[in-house]
Number of protein chains: 2
Amino acid sequence: MLDIAVIGCGPAGLSAAINARSRGKEVKVFGAKLCSPALHKAHRIDNYLGFPGIRGEELRQRFLDHARAQGIVPSTEAITAVYPMGDYFELQLRQETVQARTLIITTGVGIARPLPGEVEFIGRGVSYCATCDGNFYKGKRVAVVADSPEGEEEVNLLAQLADRVWYLPLYQGEYRVADSVEILEDKPAELAGSTRLERLVLKSGRELAVDGCFFHKEQLPATQIVPGLALEDKHIKVDRDMATNIPGLFAAGDVTGRPYQLAKAVGEGQVAALSAARYLDARR
Amino acid sequence: MLDIAVIGCGPAGLSAAINARSRGKEVKVFGAKLCSPALHKAHRIDNYLGFPGIRGEELRQRFLDHARAQGIVPSTEAITAVYPMGDYFELQLRQETVQARTLIITTGVGIARPLPGEVEFIGRGVSYCATCDGNFYKGKRVAVVADSPEGEEEVNLLAQLADRVWYLPLYQGEYRVADSVEILEDKPAELAGSTRLERLVLKSGRELAVDGCFFHKEQLPATQIVPGLALEDKHIKVDRDMATNIPGLFAAGDVTGRPYQLAKAVGEGQVAALSAARYLDARR
């Protein structure tokens, strides 16, 4: 079991990881490919103390190098759900589960907002993992919405189980999907139903009668993967120790609120890691 | 009038200053000589993201260089009192006063604790500035406690005004003071009196009957220089915007509480500066 799992590999996540290591904790970082797209794109950064006038991409590389020097290489496996189990967390990946005693969420902002109805129907028709939930849809009708080609694997798995599969790729390219899959050049707009999901409404106005809708997203908003996490103004609510309302769960960086700034994220990542370490030590 | 005055030139103070500049604010930094003695002494720092395994002194120099590149050179003039004036602050230096619309305190920890009785008698016998308050002690008896040779200037000024002057230097060296000054090889232990200061009790047990006691310290605890500042566990109480209980007054770094760490200080300095900038912009 991990001591600390970090979701997100931007400045807050990497800072949390190196500080967890400095306290001798077993840590693993899960994040999307670029780790920090904002840093990658930044032309020049002047307000991170110690690096006057540095290019964002150079700083991003230095951050990753620093982490690597301490043995931390972020995994790009997406976490599709988090279950607080009392004294540890169960993290649902697409192919496996991982256990961690504490969790630090540093997923940033700018992740696509959930669709109307999406959060309401999680577990009642909405899923983020075909490997995990596909079997519930044997002989049924499902739609798959994906922001990257990795979604095609999910579609093809579902094509073997479900009666009918629609695919809505939100990216450009060749789609390598089973012949039985119907590819739609449309976008999802809304999820509707009564006690369970019944319809996926598309931008064009067309409605698909579905039993399930699978979303494949590179990174999921924390609010969607952790049930019961308290928010404040759409950000994760934290105290000065970066603790959330769930014991053992901490957050840092943009996901906790403004200002959306580098030094704040790095500082909060440090505080979150040291708080998690203290939490662990108190329970030993 | 300054937009932002920063007291303290450690990582939090310099980070606040460069971020104030990034928002186009007129800023001045006041700090003690080394700016960050802890950083100066640190053999190796591994948990400030971007600088794996750097020597503390090298990082301290880089921080000062970064500030200098943005035109920020910390002043070593000590601030002996701060008066909140409603919509600005009056900062008392030894020889002059400075006005600032907002104030950020980043004075760190590890500053000598006040003596028993010291805070109680501020303005009623205890002073931190002979130039400012010396005239109140014409013909009276005063003691001067100093942690550096700069205190000798204060003693000599008081020797011209007071009837009797005791000097308690807390440093080693040659003491260049007027002949009338009595130098004591002893240490202050406690200040006592009823409505005003009446006695300075020394470590040896000896008691001096004094009307005034002047302290010359390189840096004063914020709690002693700002009347009415709210504390929590001996640290300045701040919210997530690094705002204190006094409007326009912010704090960052170790002075706001644990963990006493570099990245936390840098991040909080940034947040404090951006909060001060927002406070200023809202009042324009």
Side-chain angles (χ1 to χ4, degrees), chain A residues 10-23 39 45-54 58-70 232 235 237-242 252-253 256-275 277-278, chain B residues 10-23 39 45-54 58-70 232 235 237-242 252-253 256-275 277-278:
Chain A
L14 295 179
S15 179
I18 63 167
N19 278 281
R21 273 279 196 276
S22 79
R23 284 290 188 273
L39 200 51
I45 292 165
D46 254 319
N47 62 350
Y48 183 61
L49 193 63
F51 288 107
I54 192 166
E58 190 187 334
L59 201 51
R60 193 181 74 85
Q61 286 297 343
R62 277 183 185 244
F63 286 175
L64 286 166
D65 288 348
H66 189 161
R68 209 171 292 127
Q70 298 194 7
E232 191 167 51
H235 297 105
K237 191 178 174 182
V238 288
D239 63 15
R240 291 256 305 144
D241 292 329
M242 310 314 293
T256 70
R258 292 176 188 279
Y260 299 151
Q261 291 280 337
L262 187 50
K264 169 193 177 270
V266 171
E268 290 187 352
Q270 173 174 63
V271 173
L274 299 182
S275 294
R278 208 167 58 239
Chain B
L14 295 179
S15 179
I18 63 167
N19 278 282
R21 273 279 196 278
S22 78
R23 285 289 188 274
L39 201 50
I45 291 166
D46 253 319
N47 62 349
Y48 183 60
L49 193 63
F51 288 108
I54 193 166
E58 189 187 334
L59 200 51
R60 193 182 73 86
Q61 286 298 343
R62 278 183 183 243
F63 286 176
L64 286 166
D65 288 348
H66 189 161
R68 209 171 291 126
Q70 298 193 9
E232 192 167 50
H235 297 106
K237 191 178 174 182
V238 289
D239 62 17
R240 290 258 305 144
D241 292 329
M242 310 315 293
T256 70
R258 294 177 186 278
Y260 300 151
Q261 291 281 337
L262 187 49
K264 169 192 177 271
V266 171
E268 290 186 352
Q270 172 174 64
V271 173
L274 299 180
S275 294
R278 208 168 57 239

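In this text the structure is predicted, and so the values were computed from the model without any measurement. Each chain gets a letter, A, B and so on, in the order its sequence line appears, and its residues count up from 1.
- Ranking B:Q70, B:Q261, B:R21 against chain A, the residue ahead of the rest is B:Q261, based on heavy-atom pairs under 4.5 Å.
- Only the side chain of B:L274 comes within less than 4.5 Å of a heavy atom in chain A; its backbone stays farther off.
- With a 4.5 angstrom heavy-atom cutoff, B:Q270 touches chain A only via side-chain atoms.
- When heavy atoms are compared at a cutoff of 4.5 Å, B:R23 approaches chain A solely by way of its side chain, counted from C-beta outward.
- Contact of A:S22 with chain B is made through the side chain alone, with heavy-atom distances under 4.5 Å.
- Contact annotation for B:L262: only backbone heavy atoms (N, CA, C, O) come within less than 4.5 Å of a heavy atom of chain A.
- Listed here is the closest heavy atom pair of B:G269 and B:S15: C-OG, 4.1 Å.
- In this structure, NE2 on A:H66 lies 12.0 Å from CG on A:L59, to the nearest 0.5 angstrom.
- Of the residues considered (A:R258, A:K264, A:R278), A:K264 shows the highest number of contacts with chain B, using heavy-atom pairs under 4.5 Å.
- Of the listed residues (A:E268, A:R62, A:R240), the one with the most heavy-atom contacts under 4.5 Å to chain B is A:R240.
- Of the atoms belonging to B:D239, it is backbone heavy atoms, and not side-chain ones, that fall under 4.5 Å from chain A.
- Contact detail for A:A265 and A:P11: the closest heavy-atom pair is CB-CB, 4.2 Å.
- The aromatic rings of B:Y48 and B:F63 lie perpendicular to each other, with more than 60° between the two planes, well past the 30° mark.
- For the set A:I54, A:N47, A:N19, the count of heavy-atom pairs under 4.5 angstrom toward chain B peaks at A:N47.
- Neither the backbone nor the side chain of B:S275 has a heavy atom closer than 4.5 Å to any heavy atom of chain A.
- Residue B:Q61 does not touch chain A at all, counting heavy-atom pairs closer than 4.5 Å.
- One finds a salt bridge joining A:D65 and A:R68 here, because a Lys/Arg side-chain nitrogen approaches an Asp/Glu carboxylate oxygen to under 4.0 Å.
- The choice from B:L64, B:D241, B:T256 that makes the most heavy-atom pairs within less than 4.5 Å of chain A is B:T256.
- Ranked by non-hydrogen atom pairs under 4.5 Å with chain A, the options B:V238, B:V266, B:I18, B:L14 are led by B:I18.
- Nearest approach of B:D46 to B:G53, heavy atoms of both residues: OD1-N, 2.8 Å.
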